[in-house]
Structure formats: structure tokens, C-alpha cells
Number of protein chains: 2
Amino acid sequence: MSTLEPPRARYKQVAALLRDAIRRGDYTPGSTLPSQPDLAKKYGLNQSSISRAMATLQAEGWIRTEHGRGSVVLDVPMVKRVRKIDRHHRSSRGESAYAEELAEAGMTARTELVHWGEEDPPDIISEALRIAPSEAVLVRKRHMFADDKPVQIAASYIPMCVAGSVDIAMPDTGPSGMYGRLAERGFAPVRFSEDIEVRGATSEESEFLNIVHGQPVFQVLRTAFDPEGRPVEACLNVLAALRWRLTYTWEQER
Amino acid sequence: MSTLEPPRARYKQVAALLRDAIRRGDYTPGSTLPSQPDLAKKYGLNQSSISRAMATLQAEGWIRTEHGRGSVVLDVPMVKRVRKIDRHHRSSRGESAYAEELAEAGMTARTELVHWGEEDPPDIISEALRIAPSEAVLVRKRHMFADDKPVQIAASYIPMCVAGSVDIAMPDTGPSGMYGRLAERGFAPVRFSEDIEVRGATSEESEFLNIVHGQPVFQVLRTAFDPEGRPVEACLNVLAALRWRLTYTWEQER
DNA sequence: TAGTGGTCTAGACCACTGC
DNA sequence: CAGTGGTCTAGACCACTAA
């Protein structure tokens with residue numbers, strides 16, 4: 001039994017001790033912490049207090065408690081990954097911007113097409129595309145991995161009147177290839193806009209991204225416009241906000 | 001006493017009821033919720049359970065509990081504010097970009113110079129400016145308000161070798177005026193880079209921004225470079241992440 | 001089945017606020 | 001001082017997981 005002293009709340013002291021232990025590497029990602037009854041015995045506290053400490057660590061993103069199994073240590077990256085946007089950086093090759101970015105960071109990119117077809121878009125998308133909510137769009141939803149770890153959910157939406165047919169999205173070559181096919185149809189994207197918001201992760205998102213439900217995620221909405229200013233594509237990306245740094249660079253117009 | 005039914009945890013049901021009530025406007029921003037003993041009586045629960053419901057609402061950013069005073073309802077903006085960055089948008093007038101942005105949204109901007117002088121910079125700044133940690137910089141820390149509500153903390157850092165003297169930052173006219181004086185000294189900023197991270201708010205930040213400790217904040221680090229690629233200014237902005245949408249637009253290089 | 005985490009109570013004491 | 005929220009216990013029961 002260790003010594004926990006007021007005035008600081010003892011469940012916070014336990015949380016701090018475990019947090020430091022995880023940070024030090026005493027508990028490695030994927031392993032489980034001692035059980036709550038064991039920790040209660042060790043620190044001379046009630047299970048309720050330990051449970052509270054665990055809830056704290058979970059809210060901070062250090063662990064994920066799994067009912068009936070234990071408290072699993074999550075992998076907490078010391079260095080954030082970088083997502084880079086600048087004018088000189090895009091579509092230089094046939095690869096997707098995503099693969100390029102990760103390659104620069106020395107990581108391997110993999111993309112999985114999750115879903116694909118013609119649908120009614122969510123409100124945020126119909127607004128971005130300036131179409132009626134009932135107007136169908138071509139959807140392409142993908143899961144993205146870096147070194148086989150899940151990192152991003154991406155959903156691309158194109159109005160059917162722009163896409164022409166569902167085939168334009170196949171094969172799934174990423175934005176560059178698809179933008180080329182859009183250009184052939186007279187809808188070459190020339191201007192881009194990204195809206196960045198932060199919100200709590202949904203259950204679906206937290207499951208895929210391997211974070212705790214409610215942890216903050218970036219929701220990045222990229223809209224592509226053709227020379228006439230018409231939106232031709234909207235793409236909704238979701239990333240774990242605590243694990244990424246987004247970078248934008250631009251030159252001053254003089 | 002109301003009816004709360006398993007299987008859902010009853011403290012979660014109470015949290016949901018109060019959340020809906022706040023959303024509906026039954027409790028207005030600035031007012032306090034009923035006391036925990038009162039709510040316990042009303043819902044037929046123990047104070048501990050109510051306390052847990054309150055902790056949940058606080059973590060979600062709906063209320064702020066104040067020890068000995070009560071649980072204060074925070075103002076939850078329905079529409080997020082927008083912070084816009086594009087090449088065509090900046091330094092068109094003598095005003096600061098911040099004032100321009102807010103004026104477009106129909107809001108009144110106010111800036112308060114909090115602190116000003118010559119200091120050793122934090123690590124993140126010395127890295128951005130590519131100087132030794134011990135090299136002094138000119139600091140200009142400001143608090144920014146929109147319609148007299150606190151919205152942003154901004155700290156600008158300029159290497160002393162670039163600034164020349166501390167006077168360059170005065171009078172406090174915002175970036176545009178200051179960039180002009182830098183240009184006179186041969187350090188005209190022409191390229192900009194912004195790094196966006198999300199982290200939990202510190203106590204100081206949560207106090208000023210009127211959010212709960214630990215709620216996510218944007219930390220935006222803008223670095224300005226002169227034509228030779230030398231960093232001439234680094235500016236660290238902190239905003240409540242759940243209340244803002246950041247927007248970036250750019251044109252495709254062809 | 002045994003072991004895990006999740007919830008809840010009844011009661012207690014504390015620290016802080018404002019009158 | 002009374003009223004507020006914060007913490008903690010001892011004990012209980014539940015739901016879930018894995019052997």
C-alpha cells in the first residue's frame with residue numbers, strides 16, 4: 001500500500017501515478033493495467049475511487065477500459081503526425097496527396113475502400129456542394145492506414161451531375177486520378193477550401209481510430225471548385241485530433 | 001421524482017435530461033442549475049450519482065461547476081465562428097486580420113495588450129524561429145474579444161535581431177502595422193505557415209476563454225518568413241476548439 | 001465459473017462561497 | 001452560518017468476458 005496524501009484528491013493521485021507509469025513505459029501499449037480490486041488494495045482505496053481514476057485516464061486518452069476484460073493501455077504517440085497542405089505540394093505525381101504526405105514522414109500508406117455508391121448526402125455536404133438535400137451524390141468512403149494503423153476516415157462526395165456516372169470513381173486511385181477524370185468532363189478543380197472543426201468522436205469513429213468515445217477529432221471538410229466557382233467535390237476527413245498536427249503554408253500576395 | 005429506467009445508467013439519463021433542458025433554453029447561459037441535493041431528491045438518486053451527471057455535462061462543455069457556488073450554464077454557441085485564411089484576404093487595409101474577419105461576421109473586435117517585453121521564448125517558439133533557446137525575443141501577448149466576449153489568446157514572438165528594438169511593436173497596431181515596420185528593416189514577411197494542434201486547455205486558458213479545464217483548444221502556430229526563408233515572426237494563438245471553425249482556401253498550381 | 005469493470009446507495013466529512 | 005459541490009467508504013449488485 002502506497003502513501004496518498006491530501007489535499008489532492010486521491011483518485012487524481014492514482015491517475016497521475018498510472019499516467020506517469022504509462023509514459024515511462026512500465027505499461028506498454030496493448031497491455032492491461034492491474035485490475036481495479038488489485039489497485040484498490042495496493043493504494044488502500046475503495047474500488048469506486050479506483051474506477052474514478054480509470055475514468056480520468058480514459059478521458060485523457062491514455063487507456064480504454066473494456067468491460068469484463070480490463071483497462072488496455074493505448075499507444076500515445078510522442079510525436080504528432082503531420083498533414084501538410086500547400087500549393088506546391090499537390091498532384092505532382094499520380095499518387096494521392098495522402099500517400100505523398102506519409103511517404104515523406106517515412107510511413108507506409110494503405111487505403112481501404114469501405115463503401116461506394118449513389119446516395120443522399122448529409123446536410124453538411126449538400127450545403128458545401130450547394131445542392132438540394134434530396135439530390136443524389138456519388139459517395140466514396142475510405143479507411144486510411146499508416147504503417148497498418150488506422151489514422152483517418154475519408155468520405156468523398158460528388159454531385160451526380162458532375163460525376164456523370166458512378167464509374168468515375170473507379171478504379172480507386174485517390175483524388176489525383178479522379179480529378180483528372182473530372183477535368184476531362186470539364187470540371188477541373190482549381191480552387192480548394194478546407195473547414196476544420198473539432199468535435200467528440202462518434203462510437204463508429206472511436207472504434208476505427210482506436211480512441212475513446214468522445215475524444216476530440218478533427219473534422220476537415222475540403223471543397224473543390226472548378227474555374228466557374230462551382231463546387232465539384234466535397235471530402236470529409238476525420239482524424240484523431242490529439243495525434244495529428246495540421247500544417248498549411250501559403251505565400252503573401254503583394 | 002421522475003422515472004429513470006435501466007438499462008441505461010441513471011446518471012447518464014439525468015445528464016441527458018439536463019443537456020436537453022439547456023439546449024432548449026430552460027436554463028439560460030449564466031444561470032445555475034438546481035443544487036445537487038435538490039436534483040437528487042427530484043430524481044430519487046444519491047448526491048454521488050448527481051455529481052457524476054454534473055461531471056459528465058462539464059466534460060462535454062455544457063456547464064462549469066463552481067465549488068461552493070453552483071453549476072453555471074455556459075453559453076453554447078449554435079453557430080461556430082470562422083477564422084479565415086487565404087492569400088487574397090490579408091493586409092488589404094491597415095487593420096489586423098483578426099478585426100477584418102470579425103467585422104465580416106458582424107462582430108466587434110477588441111484587443112487588449114496583456115504583456116510586452118523582451119524574454120526567453122518557450123521551446124516551441126525557438127524551434128519555429130530557428131534560434132537558440134537562450135536567445136531573447138520580443139514578446140507581445142494579447143487577449144482578444146469579440147463583442148466583448150473573450151475568444152482568443154495570442155502571443156507574438158520576434159527575434160531581437162529582427163526586431164532591432166522593443167519599440168517596433170508599439171503602438172500596438174496588429175500584424176499589418178508591425179509587418180510594415182519589419183519590411184522597413186528588410187524583413188518583409190512573404191511566406192506563412194500555420195501548424196494546428198489540439199490539446200486540453202490549461203487553467204489559465206480555460207479561465208480566460210470561459211471554458212472548462214481540459215476542454216480542447218486549438219493551438220495555432222503561425223510562422224512568417226522573409227524572402228530569404230528566414231523566420232521573422234512566430235505567433236501562437238489559442239482558441240476554444242469547440243466554438244470555432246478554421247477555414248483555409250488556396251488555388252491549385254497548374 | 002471466476003474475474004473484470006460499471007453503477008448505485010447511505011452516509012460521512014471536507015472545502016469553498018456568500019450572507 | 002447555511003448551502004454548495006468534491007471526495008471517499010463499505011458494501012452491494014449488475015453486465016460482460018473468458019476459460
Side-chain angles (χ1 to χ4, degrees), chain A residues 1-18 22 27 30-60 62-74 203 206-207 212-214, chain B residues 1-18 22 27 30-60 62-74 203 206-207 212-214:
Chain A
M1 166 172 167
S2 302
T3 58
L4 301 176
E5 298 293 342
R8 276 189 42 185
R10 286 183 279 198
Y11 80 89
K12 287 183 183 170
Q13 297 180 53
V14 171
L17 288 170
L18 292 171
I22 293 172
Y27 302 106
S31 67
T32 59
L33 297 181
S35 75
Q36 291 186 4
D38 284 358
L39 288 171
K41 220 165 288 168
K42 174 170 178 185
Y43 293 112
L45 292 179
N46 194 287
Q47 190 214 334
S48 302
S49 302
I50 299 297
S51 180
R52 220 172 154 186
M54 299 312 227
T56 304
L57 290 178
Q58 180 163 257
E60 293 171 352
W62 294 96
I63 64 174
R64 185 215 299 268
T65 58
E66 296 183 15
H67 201 159
R69 295 194 355 102
S71 299
V72 182
V73 178
L74 297 178
S203 303
S206 56
E207 194 180 338
V212 178
H213 177 81
Chain B
M1 164 170 166
S2 301
T3 58
L4 300 177
E5 298 293 342
R8 276 187 43 186
R10 287 184 277 198
Y11 80 89
K12 287 183 183 171
Q13 297 180 54
V14 172
L17 288 170
L18 292 171
I22 294 172
Y27 301 105
S31 68
T32 59
L33 297 181
S35 75
Q36 291 186 4
D38 284 359
L39 288 170
K41 222 164 285 167
K42 175 171 179 185
Y43 293 111
L45 293 179
N46 194 286
Q47 189 214 334
S48 301
S49 302
I50 299 297
S51 179
R52 226 179 146 177
M54 300 310 227
T56 304
L57 290 178
Q58 179 162 258
E60 293 172 351
W62 294 96
I63 65 173
R64 186 217 299 269
T65 58
E66 296 182 14
H67 201 159
R69 296 195 354 101
S71 299
V72 183
V73 178
L74 297 178
S203 304
S206 56
E207 194 180 338
V212 178
H213 176 81

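Reminder, nothing fancy here: chain letters follow the sequence lines and each chain counts from 1. Note that the structure is predicted; figures quoted are calculated from it, not measured. Keep in mind that the numbers below use all heavy atoms, side chains included, and drop hydrogens, waters and symmetry copies.
- Using a 4.0 Å heavy-atom criterion, one finds that Ser71(B) contacts the sugar-phosphate atoms exclusively.
- Candidate nucleotides dA15(D), dG5(D), dC8(C) were compared by shortest atom distance to the side chain of Arg10(B), and dC8(C) ranks first.
- Each of dT9(D), dG5(D), dG5(C) was ranked by its minimum atom distance to the side chain of Ser48(A); first place goes to dT9(D).
- Between the CG atom of Leu18(A) and the P atom of dG5(C) there is a distance of 12 Å, given to the nearest Å.
- In terms of position along DNA chain C, the nucleotide closest to Gly70(A) lies nearer the 5' end than the nucleotide closest to the other residue of the pair Gly68(B) and Gly70(A).
- Distances were taken from every side-chain heavy atom of Ser35(B) (C-beta onward) to each of dG6(D), dT4(D), dT9(C); the shortest belongs to dT4(D).
- Minimum interatomic distance between Tyr11(A) and Ser49(A) (heavy atoms only, all atoms of both residues): CB-O, 3.5 Å.
- At least one donor-acceptor pair under 3.5 Å links the side chain of Gln13(A) to the backbone N or O of Arg8(A).
- Distances were taken from every side-chain heavy atom of Arg52(B) (C-beta onward) to each of dG6(D), dT7(C), dC16(D); the shortest belongs to dT7(C).
- Nucleotide dT4(C) holds its P atom 13 Å from the CD1 atom of Ile50(A), rounded to whole Å.
- Listed for the Gln58(B) side chain is a donor-acceptor partner under 3.5 Å among the backbone atoms of Thr65(B).
- The side-chain heavy atoms of Trp62(B) and Leu18(B), taken from C-beta on, include no pair separated by under 4.5 Å.
- Closest approach to the Leu45(B) side chain among dC16(D), dG6(D), dT9(C) is made by dT9(C) (side chain taken as heavy atoms from C-beta onward).
- At distances below 3.5 Å, not a single donor-acceptor pair connects side-chain atoms of Glu66(A) with backbone N or O atoms of Val72(A).
- An OP1 or OP2 oxygen of dT7(D) is reached within less than 4.0 angstrom by a side-chain nitrogen or oxygen of Lys12(A).
- With dG6(C), dT9(D), dT4(D) as the candidates, the nucleotide lying closest to the side chain of Gln47(A) is dG6(C).
- For the atom pair Ser31(A) OG and Ile22(A) CD1, the distance stands at 8.0 Å (nearest 0.5 Å).
- Distance, Gln58(A) CD to dT4(C) P: 18 Å, rounded to whole Å.
- A straight line from OH of Tyr43(A) to P of dC8(D) spans 14 Å, rounded to a whole angstrom.
- Separating the CZ atom of Arg64(A) from the C1' atom of dG6(C) is a distance of 17 Å, rounded to the nearest angstrom.
- Whole-Å rounding puts the Leu33(A) CG to dG6(C) P distance at 12 Å.
- The 5' end of DNA chain C is approached more closely, in terms of each residue's nearest nucleotide, by Met54(A) than by the other of Met54(A) and Asn46(A).
- In this structure, the CD atom of Gln13(B) is 12 Å from the P atom of dT7(C), given to the nearest Å.
- Of the candidate nucleotides dG6(C), dC8(D), dA15(C), dC8(D) has the atom lying nearest to any side-chain atom of Ser49(A).
- One interatomic measurement links the two molecules: CD of Gln36(B) to C1' of dT7(D), which rounds to 11 Å at whole-angstrom precision.
- Residue Arg69(A) has a polar side-chain atom (N or O) positioned under 4.0 Å from OP1 or OP2 of dA18(D).
- Of the candidates dC8(D), dT4(C), dT7(C), the closest approach to any side-chain atom of Tyr11(A) belongs to dC8(D).
- Comparing dG5(D), dT4(C), dT9(D) by their closest approach to the side chain of Pro37(A) singles out dT4(C).
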